[in-house]
Amino acid sequence: MSNVAVPATDGSDPSDTPLHVAIIMDGNGRWAAARGLPRAEGHRRGVDALRRVVRAANELGILYLTIFSFSSENWSRPATEIGDLFGLLRRFIRNDLATLHRDGVRVRVIGQREGLEPDICALLKEAEDLTRDNTRLNLVVAFNYGSRQEIAGAAQRLAREVAEGKRDPASINADSLGQYLDAPDIPDPDLIIRTSGEQRLSNFLMWQAAYSELVFVPIHWPDFDKVTLEGAIAEYARRERRFGGLAAKTGS
């Protein structure tokens, strides 16, 4: 793990580009507070940063970009802030979906949809349905998502199969549990980036992050841009990944 102020790069070897980058978009509120602005403005600027990063990921040849947009723990925030976040989601899908589709982005959504407002569920489904056949970039939106809940849900499904006599308990292993996660066809993230200087996963992709490289950047999410992403990828490319065996460079 590393806590670095990631520098700009002069160009990178495509072989060093991670297949899957996941981002914990942290610091909208602190960005706004530092400027004497309401938290809602920080979230709005965070959406601008998301647009920049989706475009940058497409340009850099990243195939999977997972963003932590709304945690299952975020329900503890003030109702006004939750309303602001949901309003931004509505506007983002309505205003940006056509552009994402035009640019070959496929939208995938992980997390629990039970209990969400019907129009939110309809917008999420619309985004997935419209972009289903796109192949350039998979934008995976973790919305109302918590990794512990995801793992518990997978365990419940396996337990139900055992109780119904459809599965031998001895057949349960890491691979079989992984097949019951929200998006088992998506490869695990090679690189997880967290902004704002915090150094924890915060219940994000904990199963999938078993062998991910972690890079922590000190800037708040609204200031994140292509240069920062390239710097994080450069840090990733410098790592030696052993996976319990001999050292191997990330890009090899």
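Atoms considered below: every heavy atom in the structure, side chains included; atoms not considered: hydrogens, waters and symmetry mates. Numbers for residues simply follow the sequence, beginning at 1. Just so it is clear, the model here is predicted, and its values are computed rather than measured.
- Taken to the nearest 0.5 Å, the CG atom of D84 stands 11.0 Å off from the CZ atom of R77.
- Checked against I23 for a side chain to side chain contact (heavy atoms under 4.5 Å, CB included), the options V217, V53, V215 give a single hit: V53.
- In this structure, I67 and I24 have side chains that are not in contact, with every pair of non-hydrogen atoms separated by 4.5 Å or more.
- For W31, there are no ring-ring contact (aromatic ring centres under 6.0 Å, His included) partners two or more places apart in sequence or in a different chain.
- For the pair S72 and G146, the tightest heavy-atom approach, listed with the atom from each and the gap, is OG-CA, 3.5 Å.
- W221 places a side-chain N or O within donor-acceptor distance of the main-chain N or O of G46, the cut-off being under 3.5 Å.
- A 4.5 Å side-chain heavy-atom check between R52 and D48 finds at least one atom pair inside the cut-off.
- For P184 against G178, the heavy-atom pair with the smallest separation is CB-O, 3.5 Å.
- Across L201 and A209, no two heavy atoms sit closer than the pair CD1-CB, 4.1 Å.
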The test is side chain to side chain contact (heavy atoms under 4.5 Å, CB included); show your working for I82 and N74 and say whether it passes. CA-CA 8 Å; I82 293 173; N74 287 157; 5.9 Å; no

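- Here I186 contributes atom CD1 and T66 contributes atom OG1; the two are 6.0 Å apart, rounded to the nearest 0.5 Å.
- With a 4.5 Å cut-off on side-chain heavy atoms, I93 and L89 count as touching.
- Note on residues 99-112: pairs passing salt bridge (Lys or Arg N to Asp or Glu O under 4.0 Å), not counting sequence neighbours, are R108-D185.
- T80 is linked by a side chain to side chain donor-acceptor pair (under 3.5 Å) to nothing, counting only residues two or more places apart in sequence or in another chain.
- Summarising the geometry, atom NZ belonging to K226 is positioned 9.5 Å from atom CD1 belonging to I233; distances are rounded to the nearest 0.5 Å.
- In terms of modelled atom types and a separation under 3.5 Å, the side chain of S147 and the main chain of M206 share a donor-acceptor contact.
- No donor-acceptor distance shorter than 3.5 angstrom exists from the side chain of R94 to the backbone of L123, with no hydrogens or angles considered.
- Atoms NZ and CD, from K166 and E161 in turn, are 7.0 Å apart once rounded to the nearest 0.5 Å.
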I'd like a table of donor-acceptor pairs (distance under 3.5 Å, sequence neighbours excluded) in which one partner is a side-chain atom from residues 135-142, with atom names and distances.
from	atom 1	to	atom 2	distance (Å)
R136	NE	N58	OD1	3.1
N138	ND2	L63	O	3.3

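- Among residues two or more places apart in sequence or in another chain, the side chain to side chain donor-acceptor pair (under 3.5 Å) test is passed with E150 by Y145, Q208.
- N134 and T131 share no donor-acceptor pair across their side chains, judged by distance under 3.5 Å alone.
- Among residue pairs with one or both ends in residues 80-101, those qualifying as ring pair (Phe, Tyr, Trp, His ring centres under 6.0 Å) are F70-F86, W75-F86, F86-F143; sequence neighbours excluded.
- Residues I151, L158, V162, L177, Y180, L181, W207 make up the rest of the hydrophobic cluster containing I172, defined by ILVMFWY side-chain heavy atoms closer than 4.5 Å, directly or through other members.
- In the model, N173 has a side-chain atom that pairs as donor or acceptor with a side-chain atom of S176 under 3.5 Å.
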Taking distance alone, no hydrogens or angles, what donor-acceptor pairs closer than 3.5 Å link side-chain atoms of residues 112-122 to residues at least two apart or in another chain?
from	atom 1	to	atom 2	distance (Å)
R113	NH1	E128	OE1	3.2
R113	NH2	E128	OE1	2.8
R113	NH2	E128	OE2	3.1
E117	OE1	R90	NH2	2.6
D119	OD1	R90	NH2	3.2
D119	OD2	R90	NE	2.6
D119	OD2	R90	NH2	3.4

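- In terms of heavy atoms, I110 sits closest to A183 at CG2-CB, 3.9 Å.
- With sequence neighbours excluded, the residues forming a ring-ring contact (aromatic ring centres under 6.0 Å, His included) with H20 are Y64, listed by chain and number.
- Sorted by first and then second residue, the salt bridge (Lys or Arg N to Asp or Glu O under 4.0 Å) pairs with a member in residues 25-43 read D26-R30, D26-R194, R30-E198, R35-D223, R39-E81, E41-R44, E41-R45; sequence neighbours excluded.
- The side chain to side chain donor-acceptor pair (under 3.5 Å) search around N203 returns E73, Q149, not counting sequence neighbours.
- Side-chain N or O atoms of S212 include one that pairs as donor or acceptor with a backbone N or O of P189 at under 3.5 Å.
- Here the CD1-CG distance, from I193 to L229, works out to 5.5 Å after rounding to the nearest 0.5 Å.
- A distance of 11.5 Å separates CG in L19 from CG in L191, rounded to the nearest 0.5 Å.
- In summary, R239 and E235 engage in a salt bridge, as defined by a charged side-chain N under 4.0 Å from a carboxylate O.
- Residues passing the side chain to side chain donor-acceptor pair (under 3.5 Å) test with D96, sequence neighbours excluded: R51.
- Between the side chain of N144 and the backbone N or O of G111, no donor-acceptor pair lies under 3.5 Å.
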